[in-house]
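Following: one structure in structure tokens, then a few remarks.
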Amino acid sequence: MSQKSWFAIVTPEPSNSKKMPLENSPPRVRFAPSPTGFLHVGGARTALFNWLVARTQGGVFLLRIEDTDKARSTDESTAAIFAGLEWLGLDWDEEVVYQASGLAQHQKDADRMLASGAAYRCFCTPEELTEQRKAMTVGKESFKYDRRCDRLSEEERSARLAAGLPFVTRFRVPEGTTEWDDLVHERISFPNKDIEDFVILRSDATPIYNMAVVSDDIAMKITLVMRGDDHISNTPKQILLYRALGVEPPKFAHVPMIHGTDGKKLSKRHGATAVADYQNEGILPSAMVNFLALLGWSPGGDREVMTLADMTKLFSAAGLQKKAAVFDPKKLEWMNGQHLSRIAASELEPLVTPMLVQADIVSESELVERREWYLALIDLLKIRARTTHDMVRQARPYFAARITYDPDSTAKSWKDVDQTLTLLQSARERLSKLHEWRPDSMEGALRALADELGVAAGKVFQPLRVALTGMSVSPGIFEVLEAMGRDLALARLGQAIEHIRPE
RNA sequence: GGCGCUAUCGUCUAGGGGACUAGGACGGGGCCCUCUCAAGGCCCAAACACGGGUUCGAAUCCCGUUAGCGCUACCA
């Protein structure tokens, strides 16, 4: 996929918006993670869906770092989120917004509500609140703030204010019902009586989550909020805030959670949950993105293996699922194998080269020198690999001066020492006499040898395979010989003979 | 506890009243191909949570039950 700069500013194009039922004008969407850890697969999927909405409709995909929780936010996490998105190929538009820098606006919006009477000051201390809560819970009733501070007389309120008592700002939830047409769930509705007068500004005047989100989404002119469905219960509060601020709420789309194999919310206990973990495990970004997309979305029909570009043509909110999906690492691996075998060697090369160098198998300069040969080798190895690690593991024999022999393989294919010795020696002799180092001539020579020895061809190929690669698994034997090259292959055979020969 | 969301093979899903003896994919089992392993091909086992409606007809619409999950902070 062609990658634009992260910070490229893309002008919304109002062209093909009519085709998609999601929005009637190009949407402005955002991904808003808090930088308190690495990019989680759930977050990555939310980002992906938002990105897809923007890219399919000529909209804008924005990134907002919700760093208002100073205690837990770190720069490392922010960097990891950028890196994760970049790796997946999800580029964003405009400048990154840092929520903490919007503080003044958050306060301004909250004060506006205070002024308009949509919110009020609450002087209850955390301790008092705990007391009230305790008293309520005893009677089996669920706690809801009883609005006592809203009933304070004018004099009392002024007195407390003058005395400099600390206060929080609470939103006064009006009577009625708050509902919206969710893009994935259709109509969702909450009776306002179940929503308590929630705090929007702490006693230090910093905003609470819902306040900051609404204020930012207004400032960023977000038209569609697409996020995990664990936010459903925040939504009525946010809608109320929009209304109190005199702003039309955006559309909402709540996508289902991702669960672990045990059906519980995906967590550390389920193993790898950060996209970087999968990157390290040799998963291709295209496979990751493909797999994630299918967790909660379907293009309809049987289509499964897709690139980001394909999805850009197929994505529609109509294909979004309501139900939580279980993350199945087995299917991810399969998916990776599919992508691996389809991707061009030239695209794979930048991913594999550093791994090869790091594993100390070969130097980068050698690969540059033999690029054409190297690309052919990648094509050879990618077919039977499920991860890039598999490829690296398989690549060693084509470079290393010496190899080690897998004990299981030698035990199985080199059972009889004398026979093996004879066989390897004859094979080496025949191959060395070949005028041309080509698969068809090798095959002729080796099959003839098998005939003369009166054994099946496999009885020749398999010991040979172990001698050449040290393993019992490899590409076709003639492909191995060809890729290895005459000199290395013959040397390898010599080494194997030495290795087997009794003292 | 309250509120909300959800409910098709073990898993991801197709399905949007008759085309359903419910399709595909992963995983599992078997066979074929074959120099090994993948890939590929073929086959098998495997699901509409339950109970009521609506309808000539329900996996599809409605209600209830059950179960799972989420939220329930001066966290985000």
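Every heavy atom of this structure was used, including side-chain atoms; hydrogens, water molecules and symmetry mates were not.
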Between rC26(B) (P) and L295(A) (CG): distance, integer Å: 16 Å

Taking the same atom, C1', in rU60(B) and in rC44(B), what whole-Å distance lies between them? 29 Å

Atom NZ of residue position K415(A) - does it have more than 12 heavy atoms of other residues, nucleotides or ligands inside 6.0 Å? no

Do the charged groups of R303(A) and D310(A) touch, with an N to O distance under 4.0 Å? yes

Decide if the gap between the ring center of F82(A) and the ring center of W92(A) is smaller than 6.0 angstrom. yes

Under 4.0 angstrom between K323(A) side-chain N/O and rU8(B) OP1 or OP2: yes

Electrostatic pair R438(A):D440(A) at N-O distance under 4.0 angstrom: yes

Show your working on salt bridge (charged side-chain N to carboxylate O under 4.0 Å, His left out) between K322(A) and D229(A) and close with a plain yes or no. CA-CA 9 Å; K322(A) 296 186 180 78; D229(A) 67 15; over 6 Å; no

What is the nucleic acid contact for E333(A), judged by heavy atoms within less than 4.0 Å: base, sugar-phosphate only, or nothing? nothing

Touch class at under 4.0 angstrom, heavy-atom based, for H259(A) against every strand present: sugar-phosphate

Pairing check on rG27(B): which nucleotide meets the Watson-Crick or G-U wobble criteria with it, both distances under 3.5 Å? none

With both distances under 3.5 Å as the test, what is the Watson-Crick or G-U wobble partner of rG40(B)? rC32(B)

Residue whose closest nucleotide on RNA chain B lies nearer the 5' end, V199(A) versus L294(A): L294(A)

Using side-chain hydrogen bond (donor to acceptor under 3.5 Å, both in side chains), reason through R465(A) and Q462(A) one step at a time and then give a plain yes or no. CA-CA 5 Å; R465(A) 168 172 283 114; Q462(A) 204 52 14; 2.7 Å; yes

Strictly under 4.0 angstrom, non-hydrogen atoms only: write out the protein contact profile of nucleotides 34-49 of chain B, one letter per nucleotide from the 5' end, B, S or -. -BBBBSS---------

So E66(A), base contact, sugar-phosphate only, or nothing? Heavy-atom distance under 4.0 Å. sugar-phosphate

Any-strand Watson-Crick or G-U partner of rA22(B), both distances under 3.5 Å: none

If the threshold is 4.0 Å, N to carboxylate O, is there a salt bridge linking D150(A) and R170(A)? no

Identify which nucleotide among rU6(B), rA76(B), rG10(B) has an atom closest to any side-chain atom of K322(A), counting heavy atoms from C-beta outward. rU6(B)

Classify the nucleic acid contact of V168(A) as base, sugar-phosphate or nothing, counting any heavy atom under 4.0 Å across all strands shown. base

In whole angstroms, how far is the P atom of rU6(B) from the CG atom of D230(A)? 15 Å

Measuring only the C1' atom in each nucleotide, how far is rA25(B) from rA67(B)? A whole number of Å is fine. 27 Å

Using the C1' atoms only, state how far rG10(B) lies from rG4(B), rounded to an integer number of Å. 28 Å

Just say parallel, tilted or perpendicular for the rings of F252(A) and Y242(A), cut-offs at 30° and 60°. perpendicular

Any N or O donor-acceptor pair under 3.5 Å from the base of rA25(B) to the side chain of K331(A)? yes

Which label fits Y405(A) and H499(A): parallel for a plane angle under 30°, tilted from 30 to 60°, or perpendicular past 60°? tilted

Please pick, from rG23(B), rA76(B), rG4(B), the nucleotide with the shortest atom-to-atom distance to any side-chain atom of H231(A). rA76(B)

Using the P atom in both, what is the distance from rC71(B) to rG57(B), to the nearest Å? 43 Å

As an exercise, state the distance from CZ of R227(A) to CD1 of I232(A), rounded to the nearest 0.5 Å. 9.5 Å

Rounded to the nearest Å, what distance is computed from the CG atom of residue N234(A) to the C1' atom of nucleotide rC71(B)? 8 Å

Counting side-chain heavy atoms from C-beta on, which of rG4(B), rC26(B), rG24(B) comes nearest to P191(A)? rG4(B)

Below 4.0 angstrom, N of the basic side chain to O of the carboxylate: do K108(A) and D111(A) qualify? no

Could you tell me whether G228(A) contacts a base, only the sugar-phosphate backbone, or nothing, with contacts defined as non-hydrogen atoms closer than 4.0 Å? nothing

Lys/Arg-Asp/Glu bridge criterion (N-O < 4.0 Å) met for R148(A), E128(A): no

Could you state the CD-C1' distance from Q107(A) to rC74(B), rounded to the nearest angstrom? 14 Å

Pairwise C1' distance, rU65(B) and rU6(B) [rounded to whole Å]: 15 Å

Just checking, is any N or O donor in the side chain of S215(A) or R112(A) under 3.5 Å from an acceptor N or O on the other one? no

How would you label the contact of N210(A) with the nucleic acid (heavy atoms, under 4.0 Å): base, sugar-phosphate, or nothing? nothing

Rounded distance in Å between the P positions of rA39(B) and rG30(B): 15 Å

Classify the nucleic acid contact of S73(A) as base, sugar-phosphate or nothing, counting any heavy atom under 4.0 Å across all strands shown. nothing

Any strand: nucleotide that pairs with rA49(B) via Watson-Crick or wobble, under 3.5 Å: rU65(B)

Mind checking F198(A) for me? I need base, sugar-phosphate or nothing, with any heavy atom below 4.0 Å counting as a touch. nothing

Base partner of rC3(B), which must satisfy Watson-Crick or wobble distances under 3.5 Å: rG70(B)

Expressed as a whole number of angstroms, how long is the span from H185(A):NE2 to rG70(B):C1'? 11 Å

Could you run through nucleotides 61-67 of chain B and give me one letter per nucleotide, 5' to 3': B if any protein heavy atom sits under 4.0 Å from the base, S if only the sugar-phosphate is that close, - if neither? -------

It should be established whether S233(A) places a side-chain nitrogen or oxygen under 4.0 Å from OP1 or OP2 of nucleotide rG4(B). no

Separation of atom CG in L129(A) from atom C1' in rA73(B), rounded to whole Å: 9 Å

Quick one: on RNA chain B, does D194(A) or S298(A) contact a more 5' nucleotide (nearest heavy atom)? D194(A)

Determine the Euclidean distance between corresponding P atoms of rC32(B) and rA38(B); express it in Å to zero decimal places. 15 Å

With a 4.0 Å limit, can you tell me whether Q321(A) has a side-chain N or O closer than that to the phosphate oxygens OP1/OP2 of rU6(B)? no

Please state how far atom CZ in R64(A) lies from atom C1' in rA76(B), giving the value in whole angstrom units. 11 Å

Pairing partner of rC9(B) (Watson-Crick or G-U wobble, both distances under 3.5 Å): none

Figure out the CE/P separation between M335(A) and rU11(B), and round it to whole Å. 18 Å

If I pick the C1' atom on rG52(B) and the same atom on rC12(B), what distance separates them, to the nearest angstrom? 32 Å

